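For ligands, and for the atoms within them, numbers begin at 1 and follow the listed sequence. Small disclaimer: the values here were computed from a predicted structure and weren't measured.
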Amino acid sequence: MKSAREIEIMRRSGKITSSVLAMLLQTAKAGMTLGELDRLAEKGIRDRGGIPTFKGYQGYPNSICASVNEVVVHGIPGNQVLKDGDILSIDIGTTFERYVSDTAATVAIGNVSVEAARLMRVTQECLMIGIGKMQKGNRLSDIGHAVQAHAESHGYGVVRALVGHGVGTKMHEEPQVPNWGEAGRGIVMRPGLVLAIEPMITGGTHDVATMADGWTVVTADGKLAAHFEHTIALTDDGPRILTLRENDFLELDVAPYRPKEEIAA
Ligand code: MF3
Ligand code: CO
Ligand code: CO
């Protein structure tokens with residue numbers, strides 16, 4: 001549980017992370033390398049007074065994870081050049097006054113297939129629907145149950161090997177937040193809970209494999225994957241997204257949760 005004071009620091013941390021992610025999502029274009037995006041991310045975080053949480057985390061070499069097409073998460077930015085039709089998932093974290101914020105989004109590079117666009121949209125809907133279940137009195141597994149139902153209703157796979165998590169002075173805190181399972185299990189959620197909810201959704205099987213670099217997670221069948229993540233505090237007034245971006249979610253219309261009014265100035 002976090003105090004109001006801690007959540008205020010996390011909000012400021014989240015503002016840094018979300019504004020840098022928004023910049024990266026706008027900047028990513030065909031012809032750029034993932035390494036260039038990583039350098040922009042590190043500069044963006046440091047210029048805003050934060051520290052890139054990922055850099056050095058369990059030996060991770062960079063400030064973002066950049067995961068293209070069949071890469072689900074934890075792609076290491078390097079010389080790979082983005083090309084028209086790719087989908088790119090960017091995951092980014094900031095530590096500010098000791099508190100971590102963690103957020104991710106998948107973006108189209110140029111013109112992507114209808115199928116890729118649909119996968120991205122449904123994955124973002126999964127995140128929004130999961131956030132909508134983060135209400136006082138609900139059980140933790142209500143989140144994953146709702147995410148799984150939405151993804152599978154579209155014929156998609158829900159990655160099992162990686163989960164969302166509590167977040168605070170450490171990036172990964174208790175509890176784990178799976179994106180699947182039965183409803184009505186786990187802790188009863190109360191104000192002060194801060195979670196990173198992060199559905200990883202695939203166009204085919206939910207099985208994944210890790211590459212020889214020890215980080216890069218790919219779909220086992222080589223089909224596309226998408227990933228959206230927010231850091232959210234449960235308040236007396238419901239879930240408050242600490243990493244909300246300008247225009248976040250605005251194109252979606254299926255979800256029960258409309259966070260527009262929370263966009264910080
Ligand atoms: N941010 C990722 C997550 O969503 C973890 C990244 S691991 C790192 O939980 F090593 F890249 F930092
Ligand atoms: Co993340
Ligand atoms: Co996370």
Side-chain angles (χ1 to χ4, degrees), residues 2 10 13-22 24-25 34-35 37-39 41-42 44-46 50-68 71-78 80 88-96 99-107 123-124 126-128 130-131 134 140 143-144 147 158-180 193-202 208 210-211 213-218 225-233 239 241-245 248:
K2 272 82 183 175
M10 293 190 76
S13 178
K15 185 95 186 101
I16 295 171
T17 316
S18 59
S19 64
V20 177
L21 179 57
L24 298 173
L25 295 173
L34 303 180
L37 289 172
D38 180 68
R39 285 187 287 279
E42 177 164 4
I45 291 170
R46 293 194 191 278
I51 298 165
T53 309
F54 297 5
K55 204 166 189 176
Y57 178 85
Q58 295 182 358
Y60 188 76
N62 292 93
S63 298
I64 59 170
C65 300
S67 306
V68 178
V71 181
V72 182
V73 288
H74 303 170
I76 298 175
Q80 183 177 349
L88 168 66
S89 300
I90 300 174
D91 193 340
I92 182 168
T94 300
T95 306
F96 175 78
Y99 284 84
V100 175
S101 51
D102 183 11
T103 187
T106 304
V107 66
T123 305
Q124 194 174 21
C126 283
L127 173 57
M128 182 194 251
I131 293 169
M134 190 179 168
L140 187 69
I143 296 170
V147 169
V158 176
V159 172
R160 306 289 201 273
L162 298 139
V163 295
H165 48 92
V167 53
T169 54
K170 289 186 294 182
M171 175 159 58
H172 294 144
E173 298 186 349
E174 292 296 311
Q176 294 196 359
V177 186
N179 294 299
W180 72 96
L193 179 68
V194 183
L195 298 177
I197 300 177
E198 50 179 312
M200 289 151 271
I201 306 299
T202 64
V208 298
T210 304
M211 304 293 279
D213 62 20
W215 284 104
T216 309
V217 177
V218 296
H227 179 212
F228 284 85
E229 174 177 29
H230 273 308
T231 296
I232 309 116
I241 301 174
L242 304 179
T243 47
L244 199 67
R245 300 181 302 281
D248 209 345

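Every atom of ligand 1 is numbered from 1 in the order shown, and the set under 4.0 Å from a heavy atom of W215 is 10 (F). The distance from ligand 1 to the heavy atoms of E229 drops below 4.0 Å at these ligand atoms: 4 (O). Against a heavy-atom cut-off of under 4.0 Å, C65 is close to the following atoms of ligand 1: 11 (F). Per-residue contacts place D102 under 4.0 angstrom from the following atoms of ligand 1 (heavy atoms of the residue considered): 1 (N), 3 (C), 4 (O), 9 (O). When each atom of ligand 1 is checked for a heavy atom of H172 under 4.0 Å away, the hits are 3 (C), 5 (C), 9 (O). Counting the atoms of ligand 1 from 1 in the order shown, those under 4.0 Å from a heavy atom of H165 are 3 (C), 4 (O), 9 (O).
Among all non-hydrogen protein atoms, the one lying nearest atom 10 (F) of ligand 1 is Y60 CB, 3.2 Å. Remark: minimum distance from atom 2 (C) of ligand 1 to any protein heavy atom is reached at D91 OD2, 3.3 Å. Among all protein heavy atoms, the one lying closest to atom 6 (C) of ligand 1 is H74 NE2, 3.9 Å.
The closest approach between a heavy atom of M171 and any atom of ligand 1 is below 4.0 Å.
For the pair P61 and W215, the tightest heavy-atom approach, listed with the atom from each and the gap, is CD-NE1, 4.5 Å. The heavy-atom pair separating D248 from L244 by the smallest distance is OD2-CD1, 3.4 Å.
Heavy-atom proximity to atom 4 (O) of ligand 1, evaluated over H227, K55, Q58, E198, is greatest for E198.
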* Step-by-step side-chain contact (heavy atoms from CB on, under 4.5 Å) determination, V72 to H227 -> CA-CA 7 Å; V72 182; H227 179 212; 5.8 Å; no
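Put simply, the side chain of D102 does not reach to within 4.5 Å of the side chain of T53, judged on heavy atoms. The closest side-chain heavy-atom distance from C65 to V73 is not below 4.5 Å. For the pair R245 and H230, the minimum side-chain heavy-atom distance is below 4.5 Å.
At a cut-off of 2.8 Å, E198 does not coordinate the Co ion (ligand 2) through any N, O or S atom. Residue H172 does not count as close to the Co ion (ligand 3), with no N, O or S atom under 2.8 Å.
Judged purely by atom type and a 3.5 angstrom limit, T243 uses its side chain to pair as donor or acceptor with the backbone of T231. Side chain of T103 to backbone of S18: no donor-acceptor contact under 3.5 angstrom is found.
The environment of Q176 atom CD is sparse: at most 12 non-hydrogen atoms of other residues, nucleotides or ligands sit within 6.0 angstrom.
Residue F54 touches ligand 1 through backbone and side chain together, judged by heavy-atom distances below 4.0 Å.
For E229, the N, O or S atom closest to the Co ion (ligand 2) goes by the atom name OE1. Restricting D102 to its N/O/S atoms, the shortest distance to the Co ion (ligand 2) is reached by OD1.
Side chains of T17 and T94: a donor on one and an acceptor on the other come within 3.5 Å.
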